[in-house]
Amino acid sequence: MGLTRYFASLVTVLSILLVSCGGSGGSQLTQQLQGQPFTVTPLLQAPLLMPGSSMQLPISVLQFPGTTGTVNVTISGPSGITVTPNSFSVTASAGQPTVTLTAANPLASGVYTYTVTSTDGNMTISSIIAVDIVQPPPSAAPLQANILYSFGAQEGSPQGPLIADSTGNLYGVAGEEVFKLSNSNGGWQESVLYTFPNGPLPLGSLAIDASGNLYGVTVSGGSMGPGCAPTCGTVYELSPTATGWQLTVLYSFLGGADGYEPGAGVILDQAGNIYGTTEYGGYLNGPCISGGCGTVFTLTPSRGGWKHTVIYNFQGTTQGFTPNSTLVRDAQGNLYGTTLGGSVVSTALGGNATCEGGCGTVFELTNSGGTWQEETIYSFGGIGTDGVEPAGVVMDSAGNLYGVSGGGFSNMQCGGSGGNVFELSPSGGSWNITQLYYFLGCNLGAPPTSLILDDAGNLYGTAAGGLSACGPNGGCGVVFKLAENTQQWDITEADDFPGGAGGYGASYVTLVGGKLYGVTAGGGASNSGTVFEITP
C-alpha cells in the first residue's frame with residue numbers, strides 16, 4: 001500500500017457565539033446570550049493536509065429570528081500558515097464564507113495556534129484554531145499475507161486473537177469451538193479441541209499455562225440472572241487428556257454484583273490466578289442504572305476449586321464504564337485496561353460532546369495490602385482531539401502504554417475520522433499522552449482495531465478500510481507496521497487484504513517466532529474467515 005501522503009492536521013471543532021445587541025442594555029444582552037441568537041461555526045470535521053498544500057474551511061453562519069447585524073472576524077497567528085482572507089465580515093444573508101489555509105513548505109512539525117476574534121461592536125468573542133504539522137512519511141513496503149486455514153461454514157468466524165504454546169502451535173476461538181493449528185512438515189492442520197453445546201459463545205483472548213491448559217470465557221451459558229440474555233457467561237478451563245480435551249467450568253456469572261458477559265478474555269499471573277473483566281453488572285447507578293458499569297474480577301485456586309472475587313466495580317462518569325479489552329499486568333502486579341465510556345466530556349478544542357457519558361478511559365488498578373485502587377490515567381476527549389472508545393493497551397519494558405482509539409482527525413474525502421495510535425508515559429505520578437499516528441482512511445486504513453508490540457519497539461496492528469472493495473463498508477482491512485524514525489512514527493510496512501479467498505476484516509495479530517499470525521472475520525473458501533501468516 002503506497003502511503004503518498006501526510007498531513008497538517010487541523011483541529012477546527014469551534015463554535016463562536018456572536019450577539020447583536022442593538023444598544024438596548026444588559027437585560028436584552030443576557031436574554032440573547034441565553035438564546036444563542038447568532039453563531040458562526042467553521043467546519044466541524046478536523047481535516048488533514050500535508051505541508052505545502054492548502055485547504056478551504058467553510059464557515060457556517062446561523063442567525064436566529066429577531067437578531068440582525070454584521071460581525072467582523074479576524075484570524076491572527078504565526079507566519080507558518082497563511083489564512084486568506086484573514087479579515088472579513090459575516091451576516092446571516094452572506095451565504096457560507098470560506099477561508100483558505102496554506103501551509104508553508106518546508107515547515108517544522110508542531111502545533112500552530114491561531115486566534116479567531118469576532119465582534120459585532122457590542123461584544124467580542126475569541127476562539128482558537130490549531131493546525132498540527134507533520135512531515136510526509138516514506139512509502140510503506142508491502143507485506144504479504146499467506147492464508148494458513150479457511151474456516152468452514154459450520155465452524156463460524158474466528159472471534160478473538162490467537163495465542164501460541166512453547167512449540168509454536170496456535171490456539172483460538174471460532175463460532176462455538178476452541179481450535180488448534182499445528183505446523184507439521186511445512187503444513188498447518190486444524191483440529192477442534194472443544195465445541196460448546198447448545199449456544200455458549202466463546203469470545204476474546206485465551207490464556208495458556210505452563211502445563212498447556214487453556215483458559216477462556218463465554219459471553220453466554222452458565223447461570224441465568226437479571227439482565228442476562230438469557231444466561232450470564234462463564235470462565236472455563238480446557239485440559240489435554242489421553243482421550244481428548246476436557247472442559248471444566250471454573251465460574252458461572254450470576255448477572256448481579258458479580259457481573260456478566262466477560263467477553264474480552266482472561267490473563268494469568270505467575271501463581272496461576274486468573275484476571276478478567278465483565279462488560280456489565282456490578283455498580284447499578286449513574287449512567288449504568290439499567291445494566292451495571294462492569295467489573296474486574298479474579299479467580300484464585302482454593303481447596304480444589306476456584307474462588308471468584310470482584311476486585312473493582314466501575315462507577316461510570318470519571319471512573320469509566322463497560323471495560324472492553326483484555327487486561328495487561330505489569331511486573332508489580334498492577335492491571336491496566338480500557339473502557340468504552342466514562343470520564344467527563346471534554347470541552348477543549350476538538351472536544352466531542354456527542355459521547356454519551358464520556359468518550360472512554362484508560363485505567364490502572366493497584367493492589368495495596370489486599371485492596372485494589374482504581375485510577376483513571378487518561379480520559380478521551382472525542383473526535384477531533386484524541387479520539388473515542390480506546391480498544392485496549394500494550395506495555396513496553398519501561399512501563400509505557402500503547403493503544404488505539406477511534407475518532408481523531410478526519411479526512412473529508414474518506415468519510416470521517418480515521419482513528420489514532422497513542423502512547424501513555426508515566427511521569428512524576430501522572431501520565432502524559434502522545435499521539436503517535438493519525439489514520440487517514442481511504443486506502444490507508446481506518447479506524448485501527450488492535451495493536452501489539454515487538455521487542456525492538458515497533459508496533460503492529462490491524463485497521464478497517466484499505467484498498468480493496470468489500471461492499472458498502474469500503475476496504476477489506478489492513479495489517480500495518482508502525483516504526484519510529486528520528487522525527488515521528490510512520491507506517492513502514494502494510495498489507496491490504498483482497499477479500500474473497502484472501503480474507504477480509506483482519507481484526508487481530510500475534511507475533512510468534514518473528515512472524516505475524518492473525519485472523520480475518522470473513523473471506524476464505526467458505527467466507528467464514530481465515531487464519532493468516534505474515535513475515536515482516
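In this text the structure is predicted, and so the values were computed from the model without any measurement.
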### Message
Using side chain to side chain contact (heavy atoms under 4.5 Å, CB included), reason through T295 and Y312 one step at a time and then give a plain yes or no.
### Response
CA-CA 6 Å; T295 72; Y312 184 70; over 6 Å; no
### Task
Output, in order, the C-alpha distance, side-chain angles, deciding distance and verdict of side chain to side chain contact (heavy atoms under 4.5 Å, CB included) for L203 and T218.
CA-CA 6 Å; L203 281 181; T218 65; over 6 Å; no
### Message
Applying side chain to side chain donor-acceptor pair (under 3.5 Å) to S239 and E237, what does each step give before you reach the verdict?
### Response
CA-CA 6 Å; S239 303; E237 176 185 1; 3.1 Å; yes
### Query
Yes or no on side chain to side chain donor-acceptor pair (under 3.5 Å) for T371 and Q373, after CA distance, side-chain angles and deciding distance?
CA-CA 7 Å; T371 300; Q373 301 292 330; 5.4 Å; no
### Query
Taking it one step at a time, do F314 and F363 satisfy ring-ring contact (aromatic ring centres under 6.0 Å, His included)?
CA-CA 10 Å; F314 289 93; F363 65 86; 5.0 Å; yes
### Task
Might you work through the side chain to side chain contact (heavy atoms under 4.5 Å, CB included) test for L143 and F480, ending with a clear yes or no?
CA-CA 8 Å; L143 295 170; F480 62 87; over 6 Å; no
#### Entry: Steps toward side chain to side chain contact (heavy atoms under 4.5 Å, CB included) verdict (T366, W372)
CA-CA 5 Å; T366 304; W372 289 85; 5.8 Å; no
### Message
F253 vs F297, test: ring-ring contact (aromatic ring centres under 6.0 Å, His included). Steps then yes/no.
### Response
CA-CA 11 Å; F253 291 91; F297 67 87; 5.2 Å; yes
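In this structure, C228 and G255 approach most closely via the heavy-atom pair SG-CA, 3.7 Å. In terms of heavy atoms, G221 sits closest to T231 at N-OG1, 2.6 Å. In plain terms, the two heavy atoms of G316 and C288 that are nearest each other are CA-SG, 4.3 Å. Among all heavy-atom pairs drawn from A464 and T449, the shortest one is N-CG2, 4.4 Å. Looking at every heavy atom in both residues, I274 comes nearest to L250 through CD1-CD1, 3.6 Å. V479 and A506 get closest at one heavy-atom pair: CG2-CB, 4.3 Å.
With rounding to the nearest 0.5 angstrom, the CG atom of L424 is 10.0 Å from the CE atom of M395. Within the model, atoms CG of N169 and OG of S182 stand 4.0 Å from one another, a figure rounded to the nearest 0.5 Å. Between the CG atom of L511 and the CG atom of L162 there is a distance of 12.5 Å, given to the nearest 0.5 Å. In this structure, CG on L201 lies 10.0 Å from CD on E261, to the nearest 0.5 angstrom. For the atom pair CG of L214 and NZ of K180, the computed distance is 9.0 Å after rounding to the nearest 0.5 Å. Residue H308 holds its NE2 atom at 8.5 Å from CG of L254, rounded to the nearest 0.5 Å.
Paired with Y517 under the rule ring-ring contact (aromatic ring centres under 6.0 Å, His included), one option of Y508, W188, F532 passes, and it is W188. Among T492, I534, L516, I491, the single residue meeting the side-chain contact (heavy atoms from CB on, under 4.5 Å) criterion with K481 is T492. Under the side-chain hydrogen bond (donor to acceptor under 3.5 Å, both in side chains) rule, T339 has a single partner from T361, N324, T322, which is T361.
Two residues are said to be in side-chain contact when any heavy atoms from C-beta on lie closer than 4.5 Å; D209 and L268 meet this criterion. Residues D258 and Y251 meet the side-chain proximity criterion, which asks for heavy atoms closer than 4.5 Å. Under the 4.5 Å side-chain criterion, counting only non-hydrogen atoms from C-beta, L453 is not in contact with N458. Between N334 and N367, every side-chain heavy-atom pair lies at or beyond the 4.5 Å cut-off. Looking at L436 and Y402, their side chains come closer than 4.5 Å, going by heavy atoms from C-beta outward. A heavy-atom distance below 4.5 Å is found between the side chains of V509 and I452. The shortest distance between side-chain heavy atoms of Q319 and E375 does not fall below 4.5 Å. Between F321 and L340 the shortest side-chain heavy-atom distance does not fall below 4.5 Å.
Using modelled atom types and a 3.5 Å distance limit, the side chains of S507 and T462 yield no donor-acceptor pair. If you check the side chains of E423 and S425, you find a donor sitting under 3.5 Å from an acceptor. No donor-acceptor contact under 3.5 angstrom links the side chains of T298 and N273, judged on distance only. Between the side chains of N527 and Y504, at least one donor N or O sits under 3.5 Å from an acceptor N or O. No side-chain donor-acceptor contact under 3.5 Å links Q159 and S157. One side chain, N485 or D490, offers a donor N or O that lies under 3.5 Å from an acceptor on the other.
Residue pairs meeting the salt bridge (charged side-chain N to carboxylate O under 4.0 Å, His left out) criterion with at least one member in residues 527-536, sequence neighbours excluded: K515-E533.
Ring pair F179/F151: centre-to-centre distance below 6.0 Å. Checked against the 6.0 Å centroid criterion, the rings of Y215 and Y275 do not qualify as a close aromatic pair. Aromatic ring centroids of Y260 and Y280 lie under 6.0 Å apart. With ring centers used as reference points, Y194 lies 6.0 Å or more from Y236.
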Side-chain donor-acceptor pairs of residues 170-177 under 3.5 Å, sequence neighbours excluded:
residue	atom	partner	partner atom	Å
Y171	OH	D165	OD2	2.9

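Using modelled atom types, no side-chain atom of S405 and backbone atom of P390 make a donor-acceptor pair closer than 3.5 Å. Within the 3.5 Å criterion, the main-chain N or O of N213 finds no donor-acceptor partner in the side chain of S211. With N420 contributing its side chain and F422 its backbone, the two residues share no donor-acceptor pair below 3.5 Å. In this structure a side-chain-to-backbone donor-acceptor pair under 3.5 Å is missing from T376 to Y378. Judged by distance alone, the side chain of S205 and the main-chain N or O of T326 form no donor-acceptor pair under 3.5 Å.
Shown here is Q246, whose CD atom has no more than 12 heavy atoms of other residues, nucleotides or ligands within 6.0 Å.
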